[in-house]
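Please read the structure below before turning to the comments.
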Amino acid sequence: LGTGYMKQWSKEAETIRLSWPHISRKNKGKVMRNILFSGNVKVFDGILTCMLSIFMRTKSKEPYRFYIFTMDVSHLGEDYIPVSDKQISYLDKIAKTYNTQNEVIKIDVTDLYMDEFSGCPNEGAYCSPYTLLRLFADKIPQIPDKLLYLDADIMFNRPPELLYDIDVEEYEYAAARDHYGKFFLNHNYINAGVLLFNMEKVKRTGLFEKARNLIKTKKLIFADQDAVYRSTTSKKMLPQRYNDQKFLHKHTIVRHFSKRLFYLPYPHTANIKQWDVSAIHRIFKYDQFDDILFEYIYLKKNFERRFISED
């Protein structure tokens, strides 16, 4: 091949490399998939099982960076204390057994919360004040341009890159419909438990700033979920398989173990989480996650032996 052709090919290759959504000069060609969780000390089991589902279902070799937003608002409840440093250290160690470049980063946003939301109408949110923390993602300098927010009560049934690699360049985020909200509120009402953010556009449109203003000024039934939905300028709607809150099919990518309605033996709601392994088998009859949950049981017991016994 001629020298001119090779120079042109190199120039085009560099253009493609720098325009690819996960790659920049800063990380020098290394693809990093970025995940955000938020919660208190009680979300450890959820984050552990969710992370394991990512590691054990992925077909990609790219590393993951997990951000965990947490805070201390123990004045609101005795369990409202931050994810502990021991929990973070253990999660980071587990992550690195799958890829040495994986990392888990704790970000304490207590000061941001107290400045923005302390005493606001939604502080007693339907779930907990920790559901509001994702709305600070635009205020954290190290948060990258592409970010997948996940509630802690989800499991990947299929490779996570099927979700993460969706193109959201023209949108603020991608999300699936809320199972019940699409019937009772609006056909395109989203479930905020799985949100694939284009943070550059989020900052440009002021999505989170608008959502925070709603949280501070108006009582909302579903707090942050309503605030994000009402503040949206552009969203990409995803099929239900990207966040299925009721069923588990072969094609389901994300199974979200949120509170759901059961009709038998009488109409009632139940909040069955994936770390309740007995209930997952007894009530849902699932065995698709057995490899993940067996690993979780071993790692959780190992954590308790190593760290809780020290306390």
Side-chain angles (χ1 to χ4, degrees), residues 34-52 54 64-96 102-120 122-144 147-154 192-195 197 199 208 211-212 215-216 223-225 227-228 257-258 271 273-276 296 299-311:
N34 300 283
I35 310 292
L36 173 62
F37 295 109
S38 65
N40 63 349
V41 70
K42 296 289 188 178
V43 300
F44 176 74
D45 296 77
I47 292 176
L48 175 55
T49 48
C50 182
M51 285 176 55
L52 287 172
I54 290 172
Y64 280 86
R65 180 180 291 120
F66 299 91
Y67 298 94
I68 301 178
F69 285 3
T70 191
M71 64 175 173
D72 185 347
V73 285
S74 50
H75 61 283
L76 298 176
E78 62 180 13
D79 289 333
Y80 289 171
I81 56 176
V83 177
S84 73
D85 291 340
K86 289 180 180 179
Q87 290 174 330
I88 295 293
S89 176
Y90 191 66
L91 291 170
D92 187 64
K93 181 177 180 180
I94 292 168
K96 285 177 167 53
N102 288 341
E103 59 181 330
V104 178
I105 299 171
K106 173 181 172 180
I107 299 179
D108 192 310
V109 295
T110 303
D111 291 342
L112 279 173
Y113 181 89
M114 295 304 293
D115 289 343
E116 293 268 357
F117 293 151
S118 181
C120 76
N122 294 281
E123 195 162 39
Y126 68 101
C127 188
S128 85
Y130 290 86
T131 64
L132 306 176
L133 299 190
R134 77 190 95 177
L135 302 182
F136 296 131
D138 61 332
K139 287 179 166 287
I140 308 300
Q142 61 263 50
I143 293 298
L147 182 70
L148 176 60
Y149 170 83
L150 299 172
D151 278 354
D153 57 351
I154 76 105
V194 179
L195 294 168
F197 285 113
M199 290 303 300
F208 286 159
R212 289 193 297 269
I215 293 295
K216 288 186 283 189
D224 58 301
Q225 185 165 275
V228 169
F257 292 90
S258 53
N271 201 15
K273 302 304 183 186
Q274 71 266 25
W275 55 89
D276 187 349
Y296 154 72
L299 292 172
K300 177 68 183 298
K301 288 183 177 178
N302 185 48
F303 174 78
E304 291 171 345
R305 283 196 302 268
R306 289 184 55 191
F307 293 107
I308 296 182
S309 59
E310 295 177 5
D311 297 333

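No experiment lies behind these values; they were computed from the predicted model shown. Quick note: numbers below take in every heavy atom, side chains included, and nothing from hydrogens, waters or symmetry partners.
For the side chain to side chain donor-acceptor pair (under 3.5 Å) condition, the pairs that include at least one residue of residues 42-52, sequence neighbours left out, are D45-Y296, D45-K300, T49-Q274.
Proximity of a side-chain donor or acceptor of K106 to a complementary backbone N or O of V83 within less than 3.5 Å is detected. One N or O on the side chain of K96 and one on the backbone of N102 form a donor-acceptor pair closer than 3.5 Å. With hydrogens and angles disregarded, a donor-acceptor distance shorter than 3.5 Å links the side chain of N122 to the backbone of I215. Proximity of a side-chain donor or acceptor of Y64 to a complementary backbone N or O of M51 within less than 3.5 Å is not detected. Although no hydrogens or angles enter the test, the distance criterion places a donor-acceptor pair under 3.5 Å between the side chain of D92 and the main chain of V104.
Interatomic distance, OH of Y67 versus CG of L36, reported as 9.5 Å (0.5 Å rounding). Between atom CD1 of residue I47 and atom CD1 of residue I68 there is a gap of 4.0 Å, rounded to the nearest 0.5 Å. Interatomic distance, L148 CG to I54 CD1, rounded to the nearest 0.5 Å: 7.0 Å. Within the model, atoms CG of L52 and CD1 of I94 stand 6.5 Å from one another, a figure rounded to the nearest 0.5 Å. Taken from CG in N40 to CD in E78, the straight-line distance is 11.5 Å, to the nearest 0.5 Å. The structure places CG of N34 at 9.0 Å from CD of E103, a figure rounded to the nearest 0.5 Å.
No more than 12 heavy atoms of other residues, nucleotides or ligands sit less than 6.0 Å from atom NZ of K93.
Using a 4.5 Å heavy-atom threshold, the side chains of Y90 and N302 count as touching. Using a 4.5 Å heavy-atom threshold, the side chains of F44 and S84 count as separate. Side-chain atoms of F257 and D276, non-hydrogen and from C-beta on, never get closer than 4.5 Å to each other.
In this structure, the side-chain hydrogen bond (donor to acceptor under 3.5 Å, both in side chains) partners of K216, at least two apart in sequence or on a different chain, are E116.
Between P129 and Y113 the shortest heavy-atom distance is CB-OH, 3.4 Å. Scanning both residues, V41 and Q87, for their nearest heavy atoms gives O-NE2, 3.2 Å. What you find for F37 and D151 is that their closest heavy atoms are CE2-O, 4.1 Å. Taking each heavy atom of C50 and A152 in turn, the nearest pair found is CB-O, 4.4 Å. Closest approach of A227 to A211, counting heavy atoms only: CB-O, 3.7 Å.
For Y80 and Y130, the ring centers are positioned less than 6.0 Å apart.
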Side-chain polar contacts of residues 133-144 - donor-acceptor pairs under 3.5 angstrom, sequence neighbours left out - could you list them?
{"from": "R134", "atom 1": "NE", "to": "T131", "atom 2": "O", "distance (Å)": "3.2"}
{"from": "R134", "atom 1": "NE", "to": "D224", "atom 2": "OD2", "distance (Å)": "3.1"}
{"from": "R134", "atom 1": "NH1", "to": "A192", "atom 2": "O", "distance (Å)": "2.4"}
{"from": "R134", "atom 1": "NH2", "to": "D224", "atom 2": "OD2", "distance (Å)": "2.5"}
{"from": "D138", "atom 1": "OD1", "to": "R212", "atom 2": "NH1", "distance (Å)": "2.7"}
{"from": "D138", "atom 1": "OD2", "to": "R212", "atom 2": "NH1", "distance (Å)": "3.4"}
{"from": "D138", "atom 1": "OD2", "to": "R212", "atom 2": "NH2", "distance (Å)": "3.4"}

